[in-house]
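Here the structure is laid out as structure tokens; the discussion comes afterwards.
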Amino acid sequence: MPAIDLSTTPLRALNQSLHALAEGSSETEWEVLNPDGRHAVAVGIDAPVSVDIRGPVGYYCGGMNKQATVTVHGSAGPGVAENMMSGKVVIKGDVSQYAGATGRGGMLVVEGNAASRCGISMKGIDIVVKGSIGHMSAFMAQTGNLVVLGDAGDALGDSIYEARLFVRGNVQSLGADCVQKEMRDEHLELLEDLLQRSGITGVKPSEFRRYGSARKLYNFNIDNADAY
Amino acid sequence: MSYHNPPTTPRKSATFDDYTLSEIRRAATTGIYDIRGAGAKRKLPHFDDLLFLGASMSRYPLEGYREKCSTEVVLGTRFAKKPIHLKIPITIAGMSFGALSGNAKEALGRGANIAGTSTTTGDGGMTPEERGHSKTLVYQYLPSRYGMNPDDLRKADAIEIVVGQGAKPGGGGMLLGQKISDRVAEMRTLPKGIDQRSACRHPDWTGPDDLEIKILELREITDWEKPIYIKVGGARPYYDVALAVKAGADVVVVDGMQGGTAATQEVFIEHVGQPTLACIRPAVQALQDLGMHRKVQLIVSGGIRNGADVAKALALGADAVAIGSAALVALGDNDPALESEYQALGTTAGAYDDWHEGRDPAGITTQDPKLATRLDAELAGRRLANYLKVMTLEAQTIARACGHNHVHNLEPEDLCALTIEAAAMARVPLAGTNWIPGQGF
Ligand SMILES: Cc1cc2nc3c(=O)[nH]c(=O)nc-3n(C[C@H](O)[C@H](O)[C@H](O)COP(=O)(O)O)c2cc1C
């Protein structure tokens with residue numbers, strides 16, 4: 001198992017080695033020591049490897065990830081797993097703003113809380129937050145699923161498109177064009193699967209409420225101008 | 001005695017002119033602001049207000065057909081492992097697939113290849129056709145992030161982070177439902193037929209300190225190979241360029257208010273931002289103050305039409321220019337040969353700007369397959385290449401006449417201005433004087 005100590009090895013060397021992994025490489029388990037809040041750790045990986053980061057990271061950890069499983073044993077700064085394509089990013093601690101921003105696939109699991117704008121502009125990613133999320137989360141969220149076991153802050157799902165939001169706790173307020181929706185069997189099944197894949201037990205899908213787009217802002221109408 | 005009242009000529013208001021009145025009526029009837037394509041149409045101080053002095057007793061010219069005047073440009077020399085080498089100082093600006101048809105994008109690529117320059121993607125992502133037909137392709141990183149993915153980032157020759165556009169500094173985008181074909185919808189991960197609003201701010205950074213980290217991330221993902229451009233609208237060019245340099249840009253693109261757009265509110269196009277002419281000197285000043293002029297390259301766009309405009313932008317300190325609208329005209333946009341069809345759309349050749357409606361008779365700003373096939377990509381590409389070559393020749397002609405063996409050696413001292421406004425903005429003397437307004441005698 002390669003272990004890279006960022007207190008002695010430059011970030012560039014870490015990311016370069018992860019990018020250079022050849023198909024079928026046997027170096028499938030990586031460990032990163034002393035990240036000390038560094039930015040852009042383990043970004044742009046495109047290989048089925050696991051990377052365990054021992055400590056807190058700064059901005060954009062796991063950015064644009066493909067295939068890899070990146071686990072942060074600590075907290076993460078803004079934009080964790082931004083634009084992720086596939087694979088999995090797990091944060092054992094809390095995360096800052098824009099977690100999973102514009103993510104297109106894969107799964108982001110936050111075991112602590114997420115700050116504002118979680119899932120902003122998401123495009124297919126699944127995000128599961130065990131704690132609560134901040135204001136303006138899922139702003140302009142296009143597709144994918146956001147699951148929150150705790151509470152959601154102000155203006156959840158503002159200007160949302162087709163993403164599905166599931167919240168177990170309290171929603172402080174809904175943003176423009178976001179409404180509560182009926183939880184049908186298909187949604188309960190989906191939620192069951194999401195909870196299971198993110199390793200969450202002891203929580204039932206029926207404890208959640210579902211939110212999504214009222215689809216009233218999809219085509220411009222002057223009488224809705226104050227909602228834009 | 002009876003008074004004879006001579007009739008007065010009916011007088012229209014300069015304030016409430018015909019256009020203004022028609023706009024009030026249009027707003028009252030439709031209840032929506034006017035959205036259109038193209039750039040500012042009002043008269044603005046521009047390159048036409050500058051003249052070259054030419055060589056004379058104190059400077060000697062280069063022999064037109066014997067002495068070389070080079071035009072090549074290298075972009076991205078600051079940090080990128082693989083800077084871009086262009087044969088000419090004119091690039092094709094970012095225009096999205098979605099706004100433009102696939103054929104039009106192909107034609108831009110073909111034309112740029114022949115002329116030895118780059119093309120740029122746009123909001124909506126990179127198409128395989130576009131990558132295939134463009135030898136040098138700049139990939140835009142926009143607030144919407146439609147279609148963004150690491151594979152295309154790595155396939156690109158450079159990355160352009162779009163902070164703003166001259167047509168709408170501070171504004172986002174809007175692609176109306178009627179232009180959303182299945183393919184466009186799929187590329188943007190959105191349902192077909194709905195309006196696609198593009199955000200005006202990036203989703204995961206705000207401000208130059210964040211941007212610096214975002215650039216680090218993009219460089220790490222692409223192993224520091226690609227030049228990274230930052231494109232700003234002509235708002236506060238001195239500070240915007242200084243902050244772009246601070247954030248780590250290899251290249252800064254400054255797009256003045258005449259810059260075209262695919263679709264924006266008319267009020268935005270005509271009333272926000274500074275004219276291109278007013279943006280260049282502050283942008284160059286910022287680079288000079290930081291000791292970065294020619295180290296971080298400057299691309300200027302917004303209303304570039306001919307070789308004289310190119311030469312003037314370079315003389316004021318730009319390294320290259322970018323063209324959008326002019327490239328579309330070279331492909332066949334607004335061609336008088338289509339006049340009857342423009343009339344049917346309630347407009348006239350030269351004025352057609354409803355590019356967001358997707359009904360372009362020239363087959364350029366449309367997603368309608370029937371209309372799009374009207375454009376012959378090979379022929380249109382050839383036309384664009386011809387036009388680019390003519391512009392380059394024109395710029396060379398001027399540079400030689402001013403005694404320069406590279407277009408980059410053109411300098412403000414080669415210029416004078418026809419108006420006080422242009423003299424102040426370009427910081428060159430008013431013709432016939434040695435007066436640069438704002439700088440005393
Ligand atoms: C049809 C069209 C589409 C455009 N799409 C984009 C875009 O997606 N992203 C962008 O940064 N600029 C876009 N622009 C602006 C151009 O990149 C460029 O800034 C502008 O066209 C330059 O001014 P000019 O048209 O006067 O040459 C677009 C312009 C046009 C005409």
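It should be emphasised that the depicted structure is a prediction, and the values quoted were computed from it without experimental measurement. Labels below follow one simple rule: chain letters A, B, ... track the order of the sequence lines, proteins then strands, and each chain is numbered from 1.
- Both the backbone and the side chain of A:R12 come within contact range of chain B, with heavy atoms under 4.5 Å apart.
- Atom NE2 of residue A:H39 and atom CD1 of residue B:I215 lie 13.0 Å apart, to the nearest 0.5 angstrom.
- For the atom pair CD of A:E162 and CD1 of B:I194, the computed distance is 7.0 Å after rounding to the nearest 0.5 Å.
- For the residue pair A:S121 and B:P203, the shortest heavy atom distance occurs at CB-CB, 4.5 Å.
- Residues B:T206 and A:Y98 are in side-chain contact: their nearest non-hydrogen atoms beyond the backbone lie under 4.5 Å apart.
- From A:T143, atom OG1 reaches atom CG of B:L190 across 8.0 Å, with rounding to the nearest 0.5 Å.
- Counting heavy-atom neighbours within 6.0 Å of A:Q67 CD, excluding the residue itself, gives a total above 12.
- For B:K295, the NZ atom counts as loosely surrounded, since its 6.0 Å shell holds 12 or fewer non-hydrogen atoms of other residues, nucleotides or ligands.
- Shown are A:E82, A:Q142, A:R104; of these, the side-chain contact (heavy atoms from CB on, under 4.5 Å) with B:R145 is made only by A:E82.
- Atoms CE and NZ, on B:M148 and A:K123 in that order, are 9.5 Å from each other to the nearest 0.5 Å.
- Residues B:I221 and A:G63 share a closest heavy-atom pair of CD1-O, 4.2 Å.
- Contacts between A:L11 and chain B at a heavy-atom distance below 4.5 Å involve backbone atoms as well as side-chain atoms.
- Scanning residues 46-61 of chain A against chain B with a 4.5 Å heavy-atom cutoff picks out A:D46, A:Y59, A:Y60, ordered by number.
- Counting heavy-atom neighbours within 6.0 Å of B:K82 NZ, excluding the residue itself, gives a total of 12 or less.
- When all heavy atoms of B:E217 and A:V43 are compared, the closest pair comes out as CG-CG1, 3.9 Å.
- For the atom pair A:M85 CE and B:D151 CG, the distance stands at 6.5 Å (nearest 0.5 Å).
- Most heavy-atom pairs under 4.5 Å with chain A, from the set B:L153, B:T222, B:D210: that is B:D210.
- Rounding to the nearest 0.5 Å places CZ of B:R188 at 10.0 Å from OH of A:Y161.
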